[in-house]
Amino acid sequence: MSVKTEKRQSLLTRIMNPKYMMVYATVIIFLIIYAYGAIRYGKSGFTTLRTFVNFFTDNAYYGISAVGMTMVLITGGIDLSVASVASLTGMIVAYGYERMGISPVITMLFSMLVGIGLGALMGAAIHYLNVPPFITTLTGSFLARGICSLISRESISMNHPLIDQLAGAKITLYRLVNLQNWEWEKIKPITKIDMTVIIFIVMIIAGTILLQHTRFGRNVYAIGGNEASAKLMGLPVGRTKIAVYAINGFCSSLAGIAYVLVVKSGWNMALLGGELEVISSAVIGGTLLTGGVGYMVGTMFGVLLKSVIPAIINFNGTLSSWWGKIATGGLLLLFIVIQRLVVSYTERKRK
Amino acid sequence: MKKIVTLVLALTLALCMISSASAITVAFSQIGQESDWRTANTDSVTAAIQGHEGWEFIYSDGQQKQENQIQALRNFITQNVDYILFTGVVTSGWDEVLSEVNEAEIPLILLDRIPDCADKIDYVAAFGGDFPLEGRRQVQWAGEYLKSLGRDKEDVNVVIMEGTTGADAQVGRTEGNLAALADYPFMKVVGQQTGNFTRAEGQALMESWLKSIDKIDVLIAQNDDMALGAIDAIKAAGKVPGKDIIIVGCDSVKAAFEAIVAGEMNCTVECNPLYGPFVVQTIEALEAGQTFDKTVVHPEEGVYDCVGGIAVEGTTSVLAGDVINERQY
Amino acid sequence: MKKKLHLILLIAGAVVLAAGLYCFASICGMKDAVYAGYGVSFSDASFAKVFVNDHDEEAVREDFNAAVLSGTGDSAADGTEAPTGTETPAETEATGAETETAPAAASAGAPYDTVIGSFSRVSSLRTAWRLQGIFLPVGALLCLAGLVLILRGKHLDFASIMRSKITWAVIAEILILIVCLIIRPDFFSISYQPSNHMLYGNLIDIINRSAEITIIGMGMTMVIALGGTDLSVGALVAVSGALALKLMRWDPTNPLYQTPGDYTVYPFILVLAVPLLVCLLMGLFNGMLIGRLKLQPIIATLILMVSGRGIAQIVTNGKQYTTMYSPFRWIGQGSCLYLPTPIVITAVIVVGVMLFVRKTAFGTFVESVGINANSSRLSGIDSRAIILIVFALTGLLSGISGLIYSSRIMSNDSNNAGLNYETDAILSVVIGGTSMTGGKFSLAGTVIGSIIIRTIVTFVYFFGIPADATMAFKALIIAVVIVLQAEPVRVWMAKRTERRALAKGGAMK
């Protein structure tokens with residue numbers, strides 16, 4: 001891909017650019033699985049709009065967190081603390097209001113600060129102390145969950161009008177006509193789009209803009225491509241890395257808030273093991289763990305894929321839900337093998 | 001994106017024409033398979049509903065995660081099932097999804113663990129163990145047994161091995177344990193810690209207690225698995241479980257009966273997992289148009305021990321050896 | 001001069017160890033005296049409570065008598081029934097006579113005076129109690145250090161100690177233990193448990209319970225030295241346990257529930273071999289993905305981490321099988337050489353892996369592949385084979401660990417078996433001083449790392465701190481160790497010590 005040809009590229013070749021391959025693979029597999037579900041369980045309501053919206057609703061909080069995770073993975077790092085930070089956020093909000101009487105607005109802002117601060121701290125440790133991201137963020141994860149357990153060992157359910165309002169703020173789609181005899185009938189909602197889904201989609205869009213259309217985004221890709229050469233090029237490596245971890249911390253606490261809206265409670269064991277769900281969504285969505293490659297849209301479909309598999313198993317009703325785990329493992333295998341092939345294909349082409 | 005939505009809409013339109021089958025579909029969102037008790041519970045419900053003619057059964061295992069269960073409940077709604085059976089992994093955080101179930105007008109039957117939002121949502125029936133009662137019975141049995149041995153004159157040191165923090169059973173049983181201890185001033189709590197309802201952690205915890213606490217006379221374990229783990233630790237310390245340390249478990253799984261018969265455990269307070277018949281009865285009654293009020297129905301539960309005839313709240317203990325062969329799980 | 005340092009270490013270690021053993025023996029002697037005299041076997045904790053707490057003679061006398069009397073059981077309070085209760089284990093005539101002639105209330109002063117005699121003995125016992133706790137581990141450590149140094153023939157100076165990563169892990173462990181010692185001097189007491197032929201005490205517990213992580217850690221150390229991680233180990237622990245229990249209990253010809261007993265459906269050799277073989281194959285699978293397909297280790301092992309637990313659940317159909325089969329019990333709960341079997345198994349594995357790695361060129365190969373896979377390939381090392389062997393070995397070791405775990409609880413627990421073992425194993429490797437970026441590794445460091453992690457858990461249980469706080473504790477200690485081990489910090493420290501040494505040398509000239 002030399003500079004000369006770039007301008008002349010037709011739409012088709014631009015779309016067929018191998019760097020988007022992974023995203024297409026994700027979308028295609030999602031469609032295949034969805035079509036299978038539609039044919040097999042169409043009768044019991046798999047094809048309804050409500051089911052489709054549920055794919056978003058089910059994992060919206062993981063999706064929000066996956067936005068930050070995608071950026072971290074693009075820089076070639078990893079963050080294992082996201083689920084713990086989200087759980088800590090939930091605990092701060094619930095404990096703050098129920099036990100200390102602090103308004104959720106303040107605790108939400110505070111927990112976002114905590115998320116950003118912890119993220120920046122971990123980013124700094126990774127960059128300046130040269131501690132591997134895996135270990136740094138694992139320690140961060142222990143710390144966040146430990147603090148969470150120290151705050152309260154019990155799950156605290158909370159009752160605040162603001163939370164109720166936010167959780168209740170939904171876009172409702174109604175069906176006014178009975179489709180069997182085309183008569184007006186009692187208004188019955190077809191589906192509702194939750195606040196969390198809106199946050200999820202907004203975050204995906206914001207993430208795309210940040211990554212694709214800003215200097216910061218280009219720095220992120222450059223660092224992931226080759227950190228040493230990025231440094232030589234005079235890019236602010238340290239600042240960018242710390243910022244990426246801080247953004248990820250923000251996304252985790254936002255995910256925590258989204259989770260609070262779903263469960264209206266704080267629990268120290270909430271979202272246990274969620275970090276792996278988030279990472280695997282990003283990987284299924286085509287983000288390379290070696291860094292340098294990854295798109296928000298891919299991540300979004302990765303999250304959707306993670307909801308459609310359990311949905312199919314659920315619609316089946318007799319399969320053990322553990323098959324879902326095995327299927328996710330199989331999908332991961334499939335994707336990383338495809339990734340491998342794409343990478344070696346582009347490498348060969350470059351040669 | 002747009003295409004997908006149109007596709008979905010088109011499919012929806014097409015499929016709405018087909019009316020659904022007339023069979024009754026019952027969906028069950030279970031916590032997971034964390035213990036023998038839970039497996040027995042699942043098996044009982046599954047067998048009862050699958051065995052019923054004309055009923056379809058959808059089962060979803062939550063793998064101990066609240067988010068999985070929420071997802072399962074939402075999927076039940078989209079499938080438009082006729083009844084939802086629900087046991088939640090934790091007490092709080094179900095308001096939102098259960099109110100969605102209400103909006104979809106699907107009758108909800110709560111099993112085993114009753115969520116704390118139960119007063120805000122509609123459910124047609126609820127069936128579950130009385131955890132505080134079980135907790136009280138554990139302590140009462142230990143107290144009465146000690147009295148019968150004439151040990152109520154001395155100080156008796158008690159350790160309480162709690163379940164997974166925040167679980168309904170842990171909260172309820174701890175409350176019951178502590179409430180009943182007030183009636184037995186000679187019993188003194190010297191240790192209280194979570195063993196997470198698992199054998200391995202029960203074992204490690206007991207091992208450590210045996211070294212840090214000079215004298216342990218009674219172990220109250222909030223489930224049998226932890227008690228069974230603790231038995232091994234007590235043996236390793238050169239003490240005789242069931243004699244040097246009186247062990248009271250909860251749940252009444254078969255392994256606990258075997259331990260009691262072998263003299264290694266003293267008592268297990270029953271927490272009956274066989275919900276199948278109740279569920280079938282309830283659904284049949286609801287189909288016939290009957291309604292239930294919003295009270296939690298408790299199953300008949302006994303206390304099984306190594307001596308028999310010890311009176312606790314609401315019942316008298318039965319010698320475990322007499323009934324071991326009738327136990328189904 | 002430098003060679004002599006090893007000998008000095010060894011001799012000093014031996015002397016300290018001997019002193020510790022002497023203290024240990026004198027405590028045992030005192031306990032035996034109580035046992036023989038009153039037929040009471042003291043628990044370590046109550047014995048310590050009487051002697052260790054700082055108070056005057058009168059209080060010790062009261063406490064001791066109370067402990068002896070309560071130890072004999074309530075029958076002692078009646079006075080008349082006491083002999084029957086006490087005579088059974090130790091039939092000394094003096095005991096019988098004493099308890100018979102004097103009612104319990106009146107003879108309250110007797111046990112103390114007959115067994116202990118004077119307060120100076122109490123204070124010497126108290127000192128012995130404390131010293132034993134310090135001497136035994138410190139002596140053993142010194143001896144070990146001397147031995148290792150002699151075997152390796154490395155020279156020793158202050159700067160190299162400061163630069164060594166293991167030093168910090170050892171210091172961290174000793175600091176935790178000292179905190180334990182200050183809070184409860186009896187934390188270190190070790191005694192012999194005749195009923196199951198093994199030593200008994202917190203230190204034994206820590207090593208015993210760290211067995212699973214240590215065993216996995218041996219493989220994980222090399223995986224990390226290659227620059228990778230293995231996330232699947234915890235899931236393999238669950239798979240191994242599930243398979244073993246299934247083979248012992250699942251009888252296709254008789255599907256009805258059977259009482260768990262001292263039997264196995266399939267031969268015991270199969271019960272051991274099949275889980276290990278399956279785990280070995282799963283390890284090979286990981287190795288194939290990483291070695292042949294050149295996949296990222298984190299993501300390649302994530303596959304089995306996610307699906308492994310599902311496989312374990314489906315193997316047992318979600319059931320928890322229980323067994324009483326005694327050869328199987330021996331693996332996790334039996335005794336061997338007066339120690340719990342897991343300790344012996346771990347020791348054998350650790351020594352075996354160390355010999356394999358250090359006595360052959362394998363360790364060097366691993367390190368060179370970890371530092372630079374390409375250049376080591378050019379120098380003729382088959383990096384794919386190395387990767388395959390290391391991951392297969394890790395799989396096998398996880399399988400062994402799974403057998404120990406399930407044998408401890410005599411059942412399978414696919415939900416909780418091996419939960420978070422991957423993080424614990426990785427942490428113990430890192431605390432032990434092996435860098436996550438690959439290259440040089442230290443198996444001994446991993447052993448210490450895994451012991452540190454278990455010490456924290458035991459600490460939390462022992463002192464009744466809410467178990468949920470374990471995580472925060474772990475994070476704190478690990479953060480400190482990691483910061484101390486971080487490249488920039490260590491370079492800075494080494495420079496400082498060098499500068500000091502230089503300054504000193506200059507002054508001497």
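In the text below, chain A, chain B and the rest are named by the order of the sequence lines, each starting its count at 1. Owing to the predicted nature of the structure, the values given are computational and were not obtained by experimental measurement. Both backbone and side-chain heavy atoms feed into the values below; hydrogens, waters and symmetry mates do not.
If you tally non-hydrogen atom pairs under 4.5 Å between each of B:L205, B:L228, B:N196 and chain C, the highest count goes to B:L205. If you tally non-hydrogen atom pairs under 4.5 Å between each of C:I409, C:V457, C:V460 and chain B, the highest count goes to C:I409. The candidate with the highest count of non-hydrogen atom pairs below 4.5 Å against chain B, out of C:S414, C:S406, C:A417, C:S411, is C:S411. The greatest number of non-hydrogen atom pairs below 4.5 Å with chain C, out of B:A236, B:G229, B:G191, B:A200, is found for B:A236.
Proximity to chain B (any heavy atom under 4.5 Å) is restricted, for C:D413, to the side chain, taken from C-beta onward. Using a 4.5 Å cut-off between heavy atoms, B:Q193 contacts chain C through its side chain alone, with no backbone atom that close. Heavy atoms of C:R408 lying under 4.5 Å from chain B belong to its backbone as well as its side chain. With a 4.5 Å cut-off on non-hydrogen atoms, C:Y405 touches chain B through its side chain but not through its backbone. Only the side chain of C:Q333 has a heavy atom closer than 4.5 Å to any heavy atom of chain B. Using a 4.5 Å cut-off between heavy atoms, B:Q64 touches chain C through its side chain atoms alone. Using a 4.5 Å cut-off between heavy atoms, B:Q63 makes no contact with chain C at all. The part of B:D225 that comes within reach of chain C is its side chain, from C-beta onward, which places non-hydrogen atoms under 4.5 angstrom from that chain.
Side-chain contact between B:D232 and C:R329 is present, with heavy atoms from C-beta onward closer than 4.5 Å. Residues C:Q320 and B:R38 fail the side-chain proximity criterion, which asks for heavy atoms closer than 4.5 Å. In this structure, B:R199 and C:T322 have side chains that are in contact, with non-hydrogen atoms separated by less than 4.5 Å.
Counted within 6.0 Å of CZ on B:F186, heavy atoms from surrounding residues, nucleotides or ligands total more than 12; the atom is thus considered enclosed. Crowding of B:K147 atom NZ: a count of heavy atoms from other residues, nucleotides or ligands under 6.0 Å exceeding 12.
With values rounded to the nearest 0.5 angstrom, B:S208 atom OG is found 11.0 Å from C:F459 atom CZ. Here B:I231 contributes atom CD1 and C:M410 contributes atom CE; the two are 13.0 Å apart, rounded to the nearest 0.5 Å. B:T164 contributes atom OG1, which lies 8.0 Å from atom CG of C:N416 (distance to the nearest 0.5 angstrom).
Results of the side-chain contact (heavy atoms from CB on, under 4.5 Å) test with C:Y461 over B:E201, B:E207, B:M206 single out B:E201 as the only residue that passes.
Ionic pairing of C:D205 and B:K211 is present here: one or more N-O contacts between side-chain nitrogen and carboxylate oxygen are shorter than 4.0 angstrom.
Heavy atoms only, all atoms of each residue included: C:R454 and B:A204 are closest at NH2-CB, 3.9 Å.
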